[in-house]
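Just below is one structure, and these are the notes that go with it.
Worth saying up front: this structure is predicted, and the values here are computed from it rather than measured. So that the names make sense, note that chain A is the first sequence line, chain B the second, and so on, each numbered from 1.
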Number of protein chains: 2
Amino acid sequence: MGRIHEAVRLTADLIILTIRDGALNVLLVERENEPHRGRLALPGGFLRGDEPLERTAERELAEETGLDASAFRLRQVRVYSEPDRDPRRPRVITCGFLAIAPNLPSPVAGSDARSARWVPVVEAAGAALAFDHGRILADAVDLARDLLQFSTVATAFCGPEFTIGDLREVYETVWGVALDRPNFHRKVTDALGFVEPTGGKRPSPGGRPAALYRAGGATELSPPMMRPRVDA
Amino acid sequence: MGRIHEAVRLTADLIILTIRDGALNVLLVERENEPHRGRLALPGGFLRGDEPLERTAERELAEETGLDASAFRLRQVRVYSEPDRDPRRPRVITCGFLAIAPNLPSPVAGSDARSARWVPVVEAAGAALAFDHGRILADAVDLARDLLQFSTVATAFCGPEFTIGDLREVYETVWGVALDRPNFHRKVTDALGFVEPTGGKRPSPGGRPAALYRAGGATELSPPMMRPRVDA
DNA sequence: GTAATAGTGTCTCTAAGACAATATAGG
DNA sequence: CCTATATTGTCTTAGAGACACTATTAC
């Protein structure tokens, strides 16, 4: 085989999003090796042996967060193959994988990455992440915003039981808009398979207690949750 | 670097869709080399030197169709990295790129691929394509169907000038449904930036001549063109 | 005239959005 | 009682869909 078909190395980079303290957060690690040593970066790693790239992503997810990767649905964001995105040779090309996580108890129970921590997305977008991870993060957040519109993934940001108010806060946080409470409530409870009541209730601070729900069986959301028009 | 990070080779495979004789067609080539020699496959090729994968795709598009790749908008479908998808070693991992083309004059004016030809998608889905190209094609067609819904790419299936009827046939062909003519007409002409009239007309077979339009400036379509509900 | 296709008008119905009103808790 | 949050009700309006109707050509 000719040298013209340069061999490359592939990595899977993870964009693990969650909501903490009312803000969208992403899991970042501090790089311990060159290049970009000490910079914040998305967790990720090299494709190994005979695994598909999806398994690479699952493996890294488990290593970085200590969570069972099978509980998450990973989604490809896209491939990043600019020749200068990584100075190493042979070239390093990556694929972004989006994961949506509920609010996790400790900062991160992960083993491998002692330096892993949650960072608000607005803050991460301001910081200069390693490689082209800033761009990858932005693309993943865009994807997440679209997913909220047409699928039921919003429940993945919540725990096993949640209130309609919790779910509304997910939309408001990820989209950065305020939604009408009564209309949101009706829309969500009317959509088939989005949420189903558990029968339980949770007290609200100084108000009527909210009914608890769990995620329903549907993955597609129809009619979609319309994002309010942005009048530019 | 340890052997654990096996080097891989990357290819870009193209799913070039067009409409011919009222049917959705895809450009396929007959493989001239092993593996899968003689089988139908998507056009594509290896990443070369220091180019990004997008340029690989553009290059192959130009080589296979003779068309200027800059006239097309290529979209990543996704990465296919199953270890057994290609028997060659080192592993070959590919990324699908969707291209939407107007009805081209000759079968294919391409230079390199003498065996390139348009194949109806329904026929290609039945035939056993090389590698996992059947799956890639199916994913790309799904993506195209979604794009019609939320973007203005339908005009890319048409030439520089087209009638509303032409555009309606694009939707009907790709979605495989019949659409209401009056409602479609109003919807398209009312949407901002979707189409703009050229002032010209084109005679219809035994009917009132149709006004000609060209693609408008918008890329997003809002409100989206709703695909009729499928009652499974 | 008829046939065929292009385009307009109008009605119904679903669903989004605004917002009033009611329900249920803690103080 | 008041306050805060959850939930239901009601009205308005945008837009999808059905379909009658008009317009413009070829024959």
Presence of B:His185 side-chain N/O under 4.0 Å of C:dT8 phosphate oxygens OP1/OP2: yes
Quick check on DNA chain C: between A:Pro209 and A:Asn183, whose nearest nucleotide comes earlier from the 5' end? A:Asn183
Please determine, for the side chain of A:Asp180, which listed nucleotide (D:dA20, D:dT5, C:dA18) has the closest atom? C:dA18
In whole angstrom, what separates B:Tyr171's OH from D:dG17's C1'? 17 Å
Is any side-chain N or O of A:Arg181 closer than 4.0 Å to OP1 or OP2 of D:dT5? no
Are A:Leu27 and A:Leu14 close enough that some pair of their side-chain heavy atoms sits under 4.5 Å apart? no
Is it true that, when you exclude B:Arg73 itself, more than 12 heavy atoms of the residues, nucleotides or ligands shown sit nearer than 6.0 Å to its CZ? no
What nucleotide, of C:dA6, D:dT10, C:dT24, holds the atom closest to the side chain of A:Arg208? C:dT24
Interatomic distance where CG belongs to B:Leu167 and P belongs to C:dG7 [whole Å]: 12 Å
Could you tell me how far apart A:Lys201 (NZ) and D:dT5 (P) are, to the nearest whole angstrom? 17 Å
Assign A:Pro203 to base, sugar-phosphate, or nothing according to its heavy-atom contacts below 4.0 angstrom with the strands shown. nothing
To the side chain of A:Arg186, which of D:dA16, D:dT10, D:dA6 is closest? D:dT10
For residues A:Phe162 and A:Tyr213, establish whether the separation of their ring centroids is below 6.0 Å. no
Which residue, A:Ser204 or B:Gly206, contacts DNA chain D at a nucleotide closer to its 5' end, judged by nearest heavy atom? A:Ser204
For the residue pair B:His133 and B:Phe131, categorise the inter-ring angle as parallel (less than 30°), tilted (30 to 60°) or perpendicular (more than 60°). tilted
If you take the centroid of each ring, where Trp contributes its six-membered ring, are A:Phe150 and B:Phe150 closer together than 6.0 Å? yes
Just to confirm, is there a sub-4.0 Å distance from OP1 or OP2 of C:dA16 to any side-chain nitrogen or oxygen of A:Lys187? yes
Whole-Å distance, B:Asp190 CG to D:dG17 P, equals 14 Å
Taking atom C1' of C:dC19 as reference, at what distance in whole Å does atom CG of A:Leu179 sit? 16 Å
To the nearest angstrom, the CZ-P distance between B:Phe184 and C:dT5 comes to 17 Å
From CD of A:Gln149 across to C1' of C:dA15 the rounded distance in Å is 15 Å
Walking DNA chain C from its 5' end, the first of B:Pro205 and A:Pro224 to be reached, judged by nearest nucleotide, is B:Pro205
